[in-house]
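Here is the structure we will look at.
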Amino acid sequence: MKYKMIVTDLDDTLLNSQGKVSDKDKESIMKAQENGVIFVLASGRPTYAMRDLAQELKLDKFGSYILSYNGSIITNCKTGKNILEETLTKDEIHLLYDFSKNNNVEIITYLDDSIISEDYSSYIEVEVELTKMPFEKVKNFKATVDKDCVKCIMLEEPEYLKQVEKKLNSELGNQFSIAISKPFFLEVTKLGVDKGSSLLKLANKLGIHQDEIIVVGDSYNDIPMLKVAGMPTCVENAKPEIKDICKFISTSNNNSGMTKIIESLIFKK
């Protein structure tokens, strides 16, 4: 079998508009794992927000992996242990907080499996709903965030957030990895950390070559992992810039796009 690993984004890629994996996709994923293919869930989501799906897809049984926080943490589902953990320092998070305030955008981070912010808005509510994590609105962000954390997200109206992304890259791009996931989520992780760099570390650990990896994505924070994969693929609803770098375009996330990828590339139906 040419491909030994499938790595997929979650929102708007593997998950349909109801936030579910279709029965058809679930069946195809099980078949791939039963045939020895490592299946990796790769998302900007916190690990906490990916565990239930990993259990649903039996990643623990087959020794597959979770790549969470845009690659900041990699978890072996069989052992439940993290094999990689990259964090922002407390001082770096405070620097990002100052930038967010100076540029009138909201900011959240994750502390002890809770979402932390001084604000609460419809954009933050999306993250709370997606992750199902407890939310804590605090009076003083800096005083609350008193230790290293994995990731920050800045949130605001999409067009304005694009301007903020450019400014953040200009002022602090040499200190952080920066990527837009959802149009109103600007995600910031440790410099050099993204889905692509972490995927390569996992593949090297498992002795899997880049040419043996299929990656499935739909948005900008998927670009680093699409670029390192032997077979970059996307769902039909992916952004045009994503389609331009993919070798295979599947059906949409609402039409069992993962099944078509597995049948076409793994089992060649």
Side-chain angles (χ1 to χ4, degrees), residues 5-11 13-15 38-60 62-93 96 107-117 127-128 130-135 145-154 175-182 185-206 208 213 215-217 219-226 228-229:
M5 179 185 285
I6 300 172
V7 186
T8 183
D9 175 56
L10 296 189
D11 296 299
T13 303
L14 177 62
L15 302 180
I38 299 294
F39 197 78
V40 181
L41 302 177
S43 175
R45 289 188 182 203
T47 314
Y48 178 99
M50 300 170 70
R51 289 176 184 146
D52 287 350
L53 179 59
Q55 290 178 352
E56 183 181 339
L57 298 176
K58 298 186 179 179
L59 268 59
D60 53 340
F62 294 104
S64 289
Y65 294 82
I66 290 173
L67 192 155
S68 55
Y69 292 107
N70 269 338
S72 295
I73 292 179
I74 299 176
T75 306
N76 181 326
C77 295
K78 193 166 191 175
T79 65
K81 304 292 185 182
N82 293 341
I83 63 170
L84 174 76
E85 190 166 349
E86 305 274 12
T87 60
L88 296 169
T89 67
K90 177 188 72 173
D91 290 341
E92 286 174 328
I93 296 165
L96 291 166
I107 187 169
I108 64 174
T109 193
Y110 307 85
L111 191 65
D112 300 327
D113 282 340
S114 291
I115 299 171
I116 304 296
S117 182
E127 179 67 359
V128 173
L130 282 173
T131 63
K132 308 302 182 190
M133 292 176 74
F135 173 78
V145 181
D146 58 355
K147 62 182 178 180
D148 298 355
C149 299
V150 177
K151 181 182 77 167
C152 289
I153 301 181
M154 297 183 194
Q175 298 182 52
F176 302 101
S177 288
I178 300 161
I180 284 180
S181 52
K182 287 187 176 295
F185 285 178
L186 178 58
E187 310 210 7
V188 187
T189 54
K190 183 178 177 180
L191 183 65
V193 174
D194 55 43
K195 290 183 180 182
S197 63
S198 296
L199 170 57
L200 286 181
K201 289 175 183 176
L202 175 60
N204 289 337
K205 186 176 181 66
L206 298 177
I208 294 175
I213 301 172
V215 165
V216 195
S219 194
Y220 305 113
N221 63 328
D222 299 322
I223 290 174
M225 68 175 180
L226 288 165
V228 302

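Numbers here simply count residues along the sequence, with the first being 1. What you see below is based on every heavy atom in this structure, not just the backbone, and it leaves out hydrogens, waters and symmetry mates.
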Residue pair Asp194, Ser177: steps toward the side chain to side chain donor-acceptor pair (under 3.5 Å) verdict: CA-CA 7 Å; Asp194 55 43; Ser177 288; 5.1 Å; no
Test log, rule side-chain contact (heavy atoms from CB on, under 4.5 Å), inputs Ile180 and Phe185: CA-CA 6 Å; Ile180 284 180; Phe185 285 178; 6.0 Å; no
CD1 on Ile74 to CD1 on Ile83, rounded to 0.5 Å: 5.0 Å
Trace of the side-chain contact (heavy atoms from CB on, under 4.5 Å) decision for Thr87 with Glu92: CA-CA 10 Å; Thr87 60; Glu92 286 174 328; over 6 Å; no
Ile153 side, atom CD1; Ile107 side, atom CD1 - distance, nearest 0.5 Å: 9.5 Å
Side-chain donor or acceptor of Asp222 paired with backbone N/O of Ser219 under 3.5 Å: yes
Val216 vs Val7 side-chain heavy atoms within contact, under 4.5 Å: no
Residues Lys190 and Glu85 bridged, charged N to O under 4.0 Å: no
Residues Ser181, Glu187; criterion side chain to side chain donor-acceptor pair (under 3.5 Å); working and verdict: CA-CA 7 Å; Ser181 52; Glu187 310 210 7; 2.6 Å; yes
Residues Lys132, Asp52: salt bridge by 4.0 Å N-O rule: no
Nearest heavy atoms of Ala179 and Asn221, plus distance in Å: CB-CB, 3.9 Å
Full working for side-chain contact (heavy atoms from CB on, under 4.5 Å) between Thr189 and Glu86: CA-CA 8 Å; Thr189 54; Glu86 305 274 12; over 6 Å; no
Heavy-atom pair of closest approach, residues Lys151 and Val188: CG-O, 3.3 Å
Residues, nucleotides or ligands: over 12 heavy atoms within 6.0 Å of Lys58 NZ: no
Student check: side-chain heavy atoms of Ile108 and Cys152 closer than 4.5 Å: no
Distance-minimising heavy-atom pair for Met50 and Ser68: SD-CB, 3.6 Å
Heavy-atom side-chain proximity of Leu199 to Asn204 below 4.5 angstrom: no
Distance flag, aromatic centroids of Tyr110 and Tyr69, threshold under 6.0 Å: yes
Closest non-hydrogen atom pair between Pro46 and Thr131, with its separation: CD-CG2, 3.6 Å
Heavy-atom side-chain proximity of Tyr65 to Leu59 below 4.5 angstrom: no
Main-chain N/O of Asp148 paired to Thr89 side chain as donor or acceptor, under 3.5 Å: no
Basic-acidic side-chain contact under 4.0 Å: Lys147, Asp112: yes
Contact summary for Cys149 and Thr109, nearest pair of heavy atoms: CB-OG1, 3.6 Å
Gap between atom CG of Leu200 and atom NZ of Lys205 - 0.5 Å precision: 15.0 Å
Minimum heavy-atom distance between Asp60 and Cys77, given as atom pair plus value: CB-O, 3.3 Å
Backbone N/O of Asn82 and side chain of Thr75: donor-acceptor pair under 3.5 Å: no
Salt bridge Asp146-Lys90, side-chain N to carboxylate O under 4.0 Å: no
Distance in Å, Tyr48 OH paired with Ile115 CD1, rounded so as to fall on 0.5 Å steps: 9.5 Å
Non-hydrogen side-chain atoms of Ile213 and Met225 separated by less than 4.5 Å: no
Close side-chain approach of Leu41 to Leu10, heavy-atom, < 4.5 Å: yes
Flag side-chain contact, heavy atom, 4.5 Å: Leu15 against Leu53: yes
Leu96 side chain reached by Phe176 side chain, heavy atoms, under 4.5 Å: yes
Stepwise side-chain contact (heavy atoms from CB on, under 4.5 Å) check, Leu186 with Ile178: CA-CA 7 Å; Leu186 178 58; Ile178 300 161; 3.6 Å; yes
Pairwise distance CG(Asp91) to CG(Leu88) - rounded to 0.5 angstrom: 11.0 Å
Nearest-0.5 Å distance that lies between atom CZ in Phe39 and atom OG1 in Thr8: 5.5 Å
